K.L.:
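Sharing a structure with you now.
Computation of the quantities below employed the complete heavy-atom set of this structure, encompassing side-chain atoms and omitting hydrogens, waters and symmetry-equivalent molecules. Bear in mind that the values here come from a model prediction, so they are computed numbers and not experimental data. Just so we're on the same page: letters track the sequence lines, and every chain starts at 1.
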Amino acid sequence: MTRLSGYFLPTEREPPADAEALSHKLMVRAGLVRQVGAGLWSWLPAGWRVHQRIVQIVREEMDAIGGQEMLMPVLQPADPWRRTGRYAIDELFKLKDRRGAEMVLAMTHEEIVTGHVAAAIQSYRQLPMVLYHFQVKERDEPRPRAGVLRTREFIMKDSYTFDRDREGLDAAYDRHAEAYARMLDRCGLEWYRVEADVGMMGGHGSDEYMAPCAAGENDVVLAGGYAANIEVASADAQPVSLPAALDAPEVVETPGMTTVDAVARELGVPAGALLKAYPIVLDGEEMKLVMVRGDHRVNEVKLQNMLGQPFRAARPEEIGARLGPAGFIGPVGTDLPILLDAAVLDDGAGAYVTGANRPDAHLRGVQPGRDFAFERVDVRTVVPGDTVAGATVRIEPAIEVGNIFKLGTRYSEPLGATYLDEAGRGQPVWMGSYGFGPARAAAAAVEQYADQEGISWPRAIAPFDVELVVLGKPGSPERELADRVYAELGEAGLQTLYDERDAGPGEKFTDAELLGCPLRLTIGRRTLAAEEIEVQVRRGRESRSVPVKGAADAVARLWRELP
RNA sequence: CGGGGAGUGGCGCAGUCUGGUAGCGCACCCGGCUGGGGGCCGGGCGGUCGCAGGUUCAAAUCCUGUCUCCCCGACCA
């Protein structure tokens, strides 16, 4: 129970000048958070209540799947990070203690938790196990942004599962997925589970939990039941009307036309009738030529995953030496291996335009298969209008609020986490790791439900259930009634913020709507006259009234019906 | 890392080009009025102009260096 007159809730009439994202503006204006430095934020009391409510929901769902809460330090010795090969990560904060020992600030806790398990687990009888904690993560982000959406220090719930084998991991992973679905629903968020890139975490699979909103940093591809991060999404391309096939490729002069648009316009064909060449160089300096349709773009994450090894774009001099001048390169007549994107047809029904590998010239009438050999790949970025199983995709921005990984033995092997099976054989532990960011969940809720007046919290994570506004002078009958209702609301189990400041009605209403508690009660002169208390539902700003007698219970019933 | 922008009272800003007593709105403090949508009157407090050095009789303003923050992109374990 909280009286606003003495509560540290510094609201602002105007957003910070440098704020761009809606959640950034509103969380600062509402007095929930304050910036300390780039990507460094303090949570003020009301903001921390939101954070803690989310934490509690997550905790309950982790406990429900057998998770055991613990706590591991942020400051850690560098050695385990060297052993797992993660010491080289740029985002990892590195420092030395007074003795000169190399330390790191943890960005996640795989190294430490695996170390504990390695030391303590000897037998299959001790598995499976689920461990988790809420702890600060430190990441030296190249560019923090958008308030608490992308910060250098943040609290994450990270859990880790330890199983005997792949089947055990799969089951643990599925249980986590179910827990994540429940916690996100309970937080009142709109969300998608999407296929994700496993990235450098390595391992056997990954899903991301995405909350769609304008400030989202990721793009999610959705179509019917299909959902994937655009980094890994696949879809069927929209067909393009190709020019008729020719008996053989034919050179056309295209002086100075180095762009798809210029060539397409000159030849009167759609951009999709061109083939774009993207020369890459693999680790061993082997060069390959990736070909996608002129209206498509190479997706470097998909390409990397398909290659299974790092690559870089070829430099102009390398391109010049092996193919031709940049802007005029193509697959015909080269001895480079060619990776042809799945959206390019080779049924002979039409033909493409490609660079001719000499200055100011292209080839038309080019047919994959007939005019060049290729390996078929899927390496393009999905675009709006593509389809998945007949359903047209849409692409939405979203915040990543959670990410789950099947790690396999990626960490248990370098850190020596093994157990003895029934036959007495040493086996590596199979691991999964599961992250969730309460701060991002809070920001996502702000983004998803805010309106012109401010924040509109889902009831489960609002800083308070009810804001009680009293109008009228201190000592007035209105105040006496409000004091009584305030106490009754508490008895009814509602967390209430009581605005008993000596301020005008406009200021109180404006602040209440900015802060966004699900219900606002107003007690003023009208209340006394009508024997009814006005209740405003924040989401939609619809007003109703309840009798003064029994008001708290009526409000509690109403609250339970809210989203 | 590349590009763009900004540091002046708690917040939002003007002043810098053209050097000459540091200003405005809001907030805050005191008194009074008002009391259902940021109300009114009167009186006040508060700023080493990011930092350092330089030029000058004189620097928020000119010069040099430096730090910090924001936006777009790259990156994102």
Side-chain angles (χ1 to χ4, degrees), chain A residues 8 10-21 24-25 28-29 31 34-41 81 84-93 104 106-111 137-147 149-152 154 156 158 196-203 206 208 215 217-218 229 231 300-301 313 399-400 403-405 407 410-411 433 435 437 440 452-454 469-479 482 499 501-514 520-530 532-534 536 541 543 545:
Chain A
F8 187 44
T11 58
E12 296 290 344
R13 192 183 289 251
E14 302 193 51
D18 51 25
E20 200 65 32
H24 182 186
K25 292 178 182 172
V28 171
R29 284 190 57 210
R34 283 293 184 270
Q35 184 167 17
V36 175
L40 300 172
W41 290 81
W81 292 77
T84 59
R86 296 212 296 175
Y87 190 72
I89 295 172
D90 288 334
E91 281 74 22
L92 184 66
F93 277 105
V104 305
M107 50 199 310
T108 61
H109 283 74
E110 278 84 1
E111 278 76 3
K137 302 291 177 271
E138 304 283 348
R139 296 184 185 180
D140 196 358
E141 292 283 350
R143 187 156 100 78
R145 60 176 290 272
L149 230 45
R150 185 169 205 80
T151 56
R152 294 195 292 176
F154 59 96
M156 180 162 99
D158 40 326
D197 180 32
V198 294
M200 298 294 278
M201 285 291 282
S206 172
E208 286 169 332
E217 295 189 283
N218 298 87
N229 191 312
E231 288 180 342
E300 299 199 353
V301 174
I399 297 176
E400 177 192 339
N403 196 182
I404 63 178
F405 294 91
L407 296 175
R410 159 78 177 81
Y411 292 90
S433 80
R440 281 189 172 181
Q452 213 54 38
E453 318 303 323
V469 171
V470 63
L471 308 176
K473 293 191 234 301
S476 62
E478 293 92 321
R479 295 269 174 161
D499 189 353
R501 293 175 299 175
D502 188 13
E507 197 174 339
K508 294 186 173 192
F509 292 145
T510 307
D511 272 353
E513 278 158 16
L514 178 59
R520 186 192 78 201
L521 270 54
T522 306
I523 292 180
R525 194 188 304 159
R526 292 183 199 164
T527 315
L528 298 178
E532 285 186 334
I533 298 174
E534 179 196 323
Q536 188 205 61
R541 301 178 71 220
S543 284
S545 56

K.L.:
My understanding is that a pair needs two contacts under 3.5 Å, Watson-Crick or G-U wobble. By that rule, which nucleotide pairs with B:G25?
P.N.:
B:C11
K.L.:
Taking any heavy-atom pair under 4.0 Å as a contact, classify A:S206: base, sugar-phosphate, or nothing.
P.N.:
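A:S206: no heavy atom of the nucleic acid under 4.0 Å.
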K.L.:
Could you tell me whether A:R479 contacts a base, only the sugar-phosphate backbone, or nothing, with contacts defined as non-hydrogen atoms closer than 4.0 Å?
P.N.:
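The answer is nothing, as A:R479 stays clear of every strand by at least 4.0 Å.
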K.L.:
State whether A:K137 and A:E91 are salt-bridged, where the test is any N-O pair (Lys NZ or Arg NE/NH1/NH2 against Asp/Glu carboxylate O) under 4.0 Å.
P.N.:
no
K.L.:
Under a 3.5 Å limit for both distances, which nucleotide forms a Watson-Crick or G-U wobble pair with B:G42, could you say?
P.N.:
B:C30
K.L.:
Checking base pairs now: Watson-Crick or wobble, both atom distances under 3.5 Å. What partners B:C75?
P.N.:
none
K.L.:
Applying a 4.0 Å non-hydrogen cut-off, can you work out what A:E111 is touching in the nucleic acid: base, sugar-phosphate, or nothing?
P.N.:
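Nothing: the residue A:E111, judged by heavy atoms under 4.0 Å, touches no strand.
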K.L.:
For A:P15 and for A:A19, locate the closest nucleotide of RNA chain B by heavy-atom distance; then report the residue assigned to the nucleotide nearer the 5' terminus.
P.N.:
A:P15
K.L.:
Looking for any heavy atom pair under 4.0 Å, which part of the strands does A:D90 touch: base, sugar-phosphate only, or nothing?
P.N.:
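Result for A:D90 = nothing.
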K.L.:
More 5' along RNA chain B: A:R139 or A:F509, using each one's nearest nucleotide?
P.N.:
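Its nearest nucleotide being more 5', the pick is A:F509.
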K.L.:
Give a yes-or-no answer on whether the side chains of A:D158 and A:T108 include a donor-acceptor pair shorter than 3.5 Å.
P.N.:
no
K.L.:
Does a side-chain N or O from A:R143 land closer than 4.0 Å to OP1 or OP2 of B:C71, or not?
P.N.:
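Affirmative; the distance criterion is met.
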K.L.:
Can you give me the closest heavy-atom contact between A:L514 and A:R29, atom names plus distance?
P.N.:
CD2-O, 3.4 Å
